[in-house]
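Quick notes on the structure that follows.
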Amino acid sequence: NVTITIDGQKVTVPEGTTILKASEQVGVKIPTLCFLDHVGLRHIKHDIGACRVCVVEVEGKGDFVSSCNTPVQEGMVIRTNTPKILAARKLNLEMMLSEHHLDCPTCPKNGICELQAVCAELNVRQIRPQGEKKDLPIDDSSPSIVRNPNKCIICQRCITACKVLQSVDILELYGNGYDAVVRPLGGKPIIETQCVACGQCALVCPTAAIVERDDTWKVWEAIADPKKHVVVQTAPATHVSIGEAFGLPVGTDITGKMVSALKRIGFDAVFDTNWSADLTIMEEGYELIHRIKNGGVLPQFTSCSPGWIKFLEEFYPDLIPHISSCKSPQQMLGPIAKTYYAQKKGISPEDIFVVSIMPCTAKKYEAARPEMNAAAKFWKNPNISRDVDVVLTSRELIRMIREAGIDFAKLPDSAYDPVMGEGTGAAQIFGATGGVMEAALRTAYEVVTGKTLQKLDFEDVRGMKDIKEASVSMNGLTVKVLVAHSLGAARQLIEKVRGGELKDYHFIEVMTCPGGCIGGGGQPIPTTVEKREMRIAGIYERDRKMPLRKSHENPEIQAIYKEFLKEPLGHLSHELLHTHYTP
Ligand code: HC0
């Protein structure tokens with residue numbers, strides 16, 4: 001241990017602790033801008049000390065030091081708030097602002113910008129340096145994210161998220177000094193790189209240099225069109241994530257309020273992606289059983305996280321035969337809305353407009369994939385639009401609720417609409433890492449053994465450990481499964497699959513983002529380690545309270561098989577719910 005003095009207070013901390021972290025222990029909050037330690041996985045942190053906003057004075061050292069990356073040493077005497085330090089921090093911020101486009105009222109990060117917040121905290125009231133504003137082109141080539149390099153403050157958090165967390169590594173720092181810029185490799189448009197659209201860069205960007213593409217206007221227009229029957233689906237993770245933006249405790253189950261808000265916004269029907277998550281379990285569970293019985297390619301990989309699919313296509317195309325042929329729950333609900341629901345309601349599928357509320361930026365990309373137009377093929381009618389017309393992230397829905405003047409916290413609860421409104425606890429846990437696997441095991445066990453599963457909670461696959469493992473005995477066969485979240489962790493696993501080390505495993509779940517979808521790139525900002533864990537806790541609490549906790553017990557799932565699909569993996573399922581990827 002090391003004993004130091006911070007602003008006159010003595011404190012003892014473990015060796016290696018940074019000045020920033022030690023200060024927290026004596027109740028001193030040092031402002032930071034480029035520093036990042038809120039990924040919560042594999043100790044990933046980003047402490048390049050570039051912004052110089054966290055500087056402090058250490059007695060005996062001439063210059064100020066950045067506190068985020070300076071470890072304490074025995075006997076250090078540190079000052080964090082002398083007039084000289086405060087002036088230096090302000091000047092560093094003013095230099096940044098002198099080059100920054102100060103269009104804050106119309107900026108997509110207005111209100112959640114860290115640069116704005118730090119300036120407010122440090123009482124910055126003037127900009128003395130004369131800097132030149134950059135005028136670089138905006139890159140909106142991706143269906144998921146938009147990059148505005150003019151707003152970049154070179155903190156390089158996005159590079160760490162892309163390279164270290166996700167192992168995708170398509171961003172680089174280019175140039176020096178004023179000309180320095182973070183850009184996709186080689187200065188290409190994002191769409192021409194191996195970007196998987198996960199949006200983790202947007203989640204950690206302190207300004208609006210990388211943001212989600214805003215598609216809210218398309219939804220307002222559809223709702224205003226009297227000819228359109230506009231339906232919406234809500235992803236599992238959104239059930240516990242929207243409330244925090246409206247002052248409710250992180251992880252609060254706001255399902256009923258979210259449905260009320262969507263109805264007030266004007267949607268004609270509100271459905272739950274939890275319903276189609278249950279449908280996915282039926283199809284994917286039967287697919288797994290089929291592969292095991294018939295010597296199919298194993299281990300089977302989950303296919304619901306579109307960043308993961310893109311990652312495999314880009315980096316491991318030889319492993320594509322391992323991916324389940326099931327579409328994701330989002331992409332199952334879309335074509336069912338334009339076929340089964342359309343028929344049941346007597347609505348022309350041409351008039352149905354499907355909106356998704358997702359925690360994920362990659363879902364925008366997924367919906368835009370060319371093969372996701374099963375409804376048009378089913379009806380042989382090119383006038384039917386894509387299976388899912390518009391995907392909005394959690395952040396976009398939050399903006400729409402604000403725009404509509406809805407006092408979210410005071411909303412009463414409403415129920416989802418019938419046909420695709422019911423979801424089980426198994427579907428709810430899809431939103432957390434390990435949840436798809438746990439849901440699949442709950443159903444597979446009962447289907448294979450014909451017995452009732454006594455203990456529904458598979459604790460081994462829960463939690464923030466990056467790679468998790470479980471095994472379950474079913475009629476003499478030990479089914480072995482693995483779970484990974486973040487693409488960096490997934491890469492470690494699938495390197496082993498490629499090397500033939502995991503031959504005796506049956507099923508692998510991969511979620512692109514840390515913590516699973518509750519940590520998705522479209523989630524409320526900031527998404528810290530603590531928030532990820534609180535959202536996960538909210539997910540499992542909702543599961544515990546659900547009257548039905550196994551996908552095959554969902555009465556609306558039983559109904560669609562009886563009335564329409566007939567059986568899992570049947571002819572109609574293949575036409576509407578499955579797809580294939582070309583290596
Ligand atoms: Fe997820 Fe999904 S669980 S990917 O994380 O499978 O985005 O929440 O909607 O589709 O259901 C995201 C979340 C979904 C899908 C579901 C799956």
Side-chain angles (χ1 to χ4, degrees), residues 144 196-200 203 212 232-242 253 255 258 271-285 301-310 323-324 326-336 354-367 369 372 387-388 391-397 420 422-440 483-487 507 509-524 527 532 535-536 538-539 542-543 551 554 557 577 579:
S144 298
V196 301
C198 70
Q200 288 299 312
L203 200 61
E212 70 285 356
V232 63
Q233 58 170 318
T234 60
T238 61
H239 291 239
V240 296
S241 316
I242 303 293
D253 173 8
T255 304
M258 178 164 64
F271 298 133
D272 200 357
T273 314
N274 288 14
W275 174 83
S276 47
D278 281 329
L279 185 61
T280 303
I281 286 301
M282 296 303 291
E283 295 290 328
E284 200 161 344
F301 296 164
T302 56
S303 57
C304 43
S305 185
W308 155 237
I309 297 288
K310 181 88 187 322
I323 308 177
S324 158
C326 288
K327 291 180 187 168
S328 71
Q330 149 164 291
Q331 292 303 147
M332 287 200 182
L333 194 141
I336 295 295
V354 178
V355 177
S356 304
I357 311 295
M358 295 282 142
C360 173
T361 48
K363 288 281 170 194
K364 290 176 185 274
Y365 146 79
E366 181 184 57
R369 287 181 66 114
M372 298 301 177
D387 294 339
V388 172
V391 177
L392 300 179
T393 58
S394 304
R395 294 198 289 276
E396 288 165 279
L397 174 62
M420 296 183 286
E422 197 140 353
T424 67
Q428 183 55 60
I429 61 176
F430 266 56
T433 163
V436 177
M437 184 59 72
E438 182 168 340
V483 170
H485 53 129
S486 85
L487 295 173
F507 200 15
E509 175 202 297
V510 175
M511 282 295 176
T512 304
C513 297
C517 291
I518 53 85
Q523 285 285 70
T527 286
R532 282 194 172 90
R535 292 176 196 152
I536 289 175
I539 291 252
R542 185 157 199 269
D543 167 40
S551 298
N554 183 333
I557 295 297
L577 310 179
T579 186

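All residue numbers in this chain count up from 1 along the given sequence. Both backbone and side-chain heavy atoms feed into the values below; hydrogens, waters and symmetry mates do not. Every number for a ligand or one of its atoms is a count from 1 in the order of the listing. Given the structure is predicted, the values throughout are model-derived calculations rather than measurements.
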Numbered atoms and elements of ligand 1 in range of A277, under 4.0 angstrom, heavy atoms: 11 (O)
Heteroatoms of the protein, restricted to N/O/S, which lie under 2.8 Å from atom 1 (Fe) of ligand 1: C517 SG
Residues forming a ring pair (Phe, Tyr, Trp, His ring centres under 6.0 Å) with F301, sequence neighbours excluded: W308, H322
Salt bridge (Lys or Arg N to Asp or Glu O under 4.0 Å) partners for R542, two or more places apart: D253
Check: T527/R535 side-chain N/O donor and acceptor closer than 3.5 Å: yes
Partner of S328 under side-chain contact (heavy atoms from CB on, under 4.5 Å), chosen from C304, S276, S303: C304
Student check: side-chain heavy atoms of T302 and S324 closer than 4.5 Å: no
side-chain contact (heavy atoms from CB on, under 4.5 Å) partners for C360, two or more places apart: P306, M358, A362, K363
